[in-house]
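Below is one structure, written out as structure tokens; comments come after it.
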Amino acid sequence: MKKFLGSRFFRLIWSLGVGTLLYFICPPCFSKTILISILVVLLLTVNFAEAVAKLVWLTHVSRLLVGGLFIFSGFIKANDPIGFSYKLEEYFEVFKEAVKGGAFEFSSGLFDGMAHMALPLSTILCASEIVLGVMLLIGFKPRLTLWLLFAQIAFFTFLTFYSACFNKVTTCGCFGDFLVLKPWTSFWKDVVLMILITILIVGKDNINELVNPLLTFSLFVVGLVFSFAFPVYTIRNLPVFDFRAYKIGNNIKEQMKLPDSYQPPVIETGFIYENIKTGKKEQFTLKNYPWADTLNWKWVATENIVIKEAVNAPKITDFTVTDLNGNAITDSLLNDQQYAFWLIAYDLSKTDDDASLMAEINDFYKLATQNKTKVIGLTASGPKQIDEFKHKHNLLVDFAIVDGTVLKTMIRSNPGLMLVKNGTVVMNWHHNNFPGFSDAKQRYFK
């Protein structure tokens, strides 16, 4: 039996079986012709493994590409694990909605639980990418490394394919804010990696340790420690490298301006209807939606479809501030010629409410007010929650309302502090590094 399981004939049977299954379960959003092309490449690589393994140079080129890309991708995400956790929460919310009302509705609770664990999962995924890339490059436990790489790329390929096919998560978060990829672009990146990892698996005997075993193990330990220490550091502080539109030195007003070359997106109104007899949901446009056929179809949702993406859109499109009465105060904040501190807490129910931190914020507010320096809180929480939070902590800061997603983008801390003058971000702080007012004034007021 063992001999049969290791034979070329069995390899042909299972590879054809997996390929056939993927062909038939592939949704109509993806071209069958392209799918066949991808499957043929993988089938040839697997079934002519001995020939591929003889191309030693191909193994080493694949090794460098895969190892380097995994380390780079993991490092970029580890630089901002909180941002990556927000992206994971998006995926889990999409999957939760996808299973509602279906045979797998029981798993919706699982996705809820995973959403609550998004930050630890983000840290683990970031770290695993870095350490697996290091293990591959130094040749540490190559068989284990390759199968873990394959499992991870299979997971990410599924995520990016689902996002692209059903247009649910518009950016993948693969390289954070450093390089924003559309789902189809990210999917093709993962397909290439899948092929390269398959080449590495069939050429695994060509992968040896680069140095002696003791040094190899030492390099692995260093990579392992760094891969976890770095994201933990950036969670407890702020990203070391900031690629967001609200980074230090950027002027928010400038980031909101429309470039001369700007072209707006082309959007078409779409409708999702459910077939009353079969329960199947389908997407329609204004031209063909079955509004009159109430015997067979019922409306589920209206969903706009982006036909063409905007060209050279401004980096910031949704920064709007209103007071608790609903009056817009965006311009007054952005055009304030004096230094002002923005205390940002996107969700007060999730805000770190340590008593000593709240005392620091109150002391900061009193000293700033005495110095005639404005301090304003920005949150997405409602007036009632704001009032309860202020009373609970005797907080003196007055709040205004901003969209929660915008606030999560502005600073990866809840609460966090930004120093702004005339719309320009002068400095920002994590709540773990909350400054004293005198120190902030001395160092950053010019």
Side-chain angles (χ1 to χ4, degrees), residues 60 62-89 114 116-156 159 172-179 189-190 193 196-197 200-201 204 207-244 247 352 411-414 416 428-434:
H60 292 314
S62 301
R63 179 181 182 181
L64 287 172
L65 290 174
V66 173
L69 190 59
F70 263 74
I71 292 173
F72 177 72
S73 174
F75 178 80
I76 290 296
K77 287 198 280 285
N79 177 65
D80 185 12
I82 293 178
F84 184 47
S85 74
Y86 295 153
K87 187 60 62 178
L88 289 177
E89 286 176 2
M114 293 177 75
H116 287 108
M117 295 174 59
L119 187 55
L121 287 172
S122 166
T123 306
I124 292 169
L125 286 172
C126 296
S128 66
E129 284 193 58
I130 297 173
V131 75
L132 287 174
V134 170
M135 289 170 68
L136 180 63
L137 291 180
I138 65 177
F140 182 73
K141 296 193 177 298
R143 282 174 169 76
L144 174 64
T145 302
L146 291 173
W147 285 112
L148 289 175
L149 283 169
F150 187 85
Q152 192 165 76
I153 201 60
F155 171 72
F156 281 124
L159 286 186
C172 72
C174 308
F175 300 106
D177 293 291
F178 172 76
L179 180 62
K189 179 262 297 179
D190 289 338
L193 281 171
L196 291 175
I197 293 171
L200 288 171
I201 290 173
K204 58 186 176 296
I207 302 175
N208 300 309
E209 294 181 354
L210 293 181
V211 290
N212 66 69
L214 180 59
L215 184 54
T216 297
F217 181 74
S218 301
L219 291 172
F220 162 70
V221 171
V222 170
L224 181 65
V225 171
F226 173 81
S227 66
F228 280 96
F230 184 55
V232 169
Y233 173 82
T234 53
I235 288 170
R236 294 187 54 79
N237 297 275
L238 289 174
V240 176
F241 306 100
D242 197 345
F243 306 107
R244 290 163 296 157
K247 68 181 180 181
D352 190 314
I411 193 166
R412 304 303 199 201
S413 178
N414 186 26
N428 52 36
W429 294 268
H430 192 283
H431 64 76
N432 286 332
N433 306 310
F434 205 88

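Since this is a predicted model, take the numbers as computed values, not measurements.
- When all heavy atoms of Ser227 and Ala127 are compared, the pair lying nearest together is O-CB, 3.3 Å.
- Legend: residues meeting side chain to side chain donor-acceptor pair (under 3.5 Å) with Thr216, ordered by chain and number and at least two apart, are absent.
- The CD1 atom of Ile153 sits 8.0 Å away from atom CD of Glu129, with the distance rounded to the nearest 0.5 Å.
- Residue pairs meeting the side chain to side chain donor-acceptor pair (under 3.5 Å) criterion with at least one member in residues 229-241, sequence neighbours excluded: Asn237-Asn433.
- Between Phe220 and Phe140, the ring-plane angle classifies as parallel under the 30° and 60° cut-offs.
- Among all heavy-atom pairs drawn from Ile76 and Phe243, the shortest one is CD1-CE1, 4.4 Å.
- Pro81 has its side chain out of reach of Ser85: every pair of non-hydrogen atoms, C-beta onward, lies at least 4.5 Å apart.
- Across all non-hydrogen atoms, the minimal contact from His430 to Ile235 is NE2-O, 3.1 Å.
- Phe150 does not carry Lys204 over the face of its six-membered ring by the limits of under 6.0 Å from the centre and within 45° of the normal.
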Practice prompt. For the pair Ile71 and Val134, evaluate side-chain contact (heavy atoms from CB on, under 4.5 Å) and give the outcome as yes or no after the intermediate values.
Written response: CA-CA 7 Å; Ile71 292 173; Val134 170; 3.9 Å; yes
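- Applying the salt bridge (Lys or Arg N to Asp or Glu O under 4.0 Å) rule to pairs touching residues 134-152 yields Arg143-Asp205, sequence neighbours excluded.
- Every residue two or more places apart in sequence or in another chain was checked for a side chain to side chain donor-acceptor pair (under 3.5 Å) with Asn428, and none qualifies.
- Counting only residues at least two apart or on different chains, no salt bridge (Lys or Arg N to Asp or Glu O under 4.0 Å) pair has a member in residues 64-74.
- In this structure, the side chains of Leu146 and Ile207 come closer than 4.5 Å at one or more pairs of heavy atoms.
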Item to complete: Check the pair Phe70 / Leu193 against side-chain contact (heavy atoms from CB on, under 4.5 Å), numbers first and verdict last.
Response: CA-CA 10 Å; Phe70 263 74; Leu193 281 171; 4.3 Å; yes
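- Side chain of Ser128 to backbone of Ile124: a donor-acceptor contact under 3.5 angstrom is found.
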Worksheet item: Checking side-chain contact (heavy atoms from CB on, under 4.5 Å) for the pair Trp429/Leu238: CA distance, chi angles, key distance, verdict?
Response: CA-CA 7 Å; Trp429 294 268; Leu238 289 174; 5.5 Å; no
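- Residues Leu136 and Leu200 have side chains in contact (heavy-atom distance under 4.5 Å, counting atoms from C-beta outward).
- In this structure a side-chain-to-backbone donor-acceptor pair under 3.5 Å is present from Arg63 to Leu137.
- When the shell of 6.0 Å around CZ of Phe217 is examined, it contains 12 or fewer heavy atoms from other residues, nucleotides or ligands.
- Between Gln152 atom CD and Trp147 atom CH2 the span is 15.5 Å, to the nearest 0.5 Å.
- Closest approach of Val131 to Gly223, counting heavy atoms only: CG2-C, 4.4 Å.
- The nearest pair of heavy atoms linking Asn79 to Phe241 is ND2-O, 2.5 Å.
- We find the CG-CG distance between Asp352 and Asn432 to be 7.0 Å, quoted to the nearest 0.5 Å.
- Asn208 pairs by the side chain to side chain contact (heavy atoms under 4.5 Å, CB included) definition with nothing, not counting sequence neighbours.
- The aromatic rings of Phe226 and Phe75 lie parallel to each other, with less than 30° between the two planes, well short of the 60° mark.
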Practice prompt. Walk me through it: do Leu88 and Leu125 pass the test side-chain contact (heavy atoms from CB on, under 4.5 Å)?
Written response: CA-CA 11 Å; Leu88 289 177; Leu125 286 172; 4.2 Å; yes
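- Atom NE2 of His116 sits in a sparse spot, with 12 or fewer heavy atoms from other residues, nucleotides or ligands closer than 6.0 Å.
- Across all non-hydrogen atoms, the minimal contact from Leu215 to Asn212 is N-OD1, 2.9 Å.
- Atom CD1 of Ile197 and atom CG of Leu149 lie 5.0 Å apart (nearest 0.5 Å).
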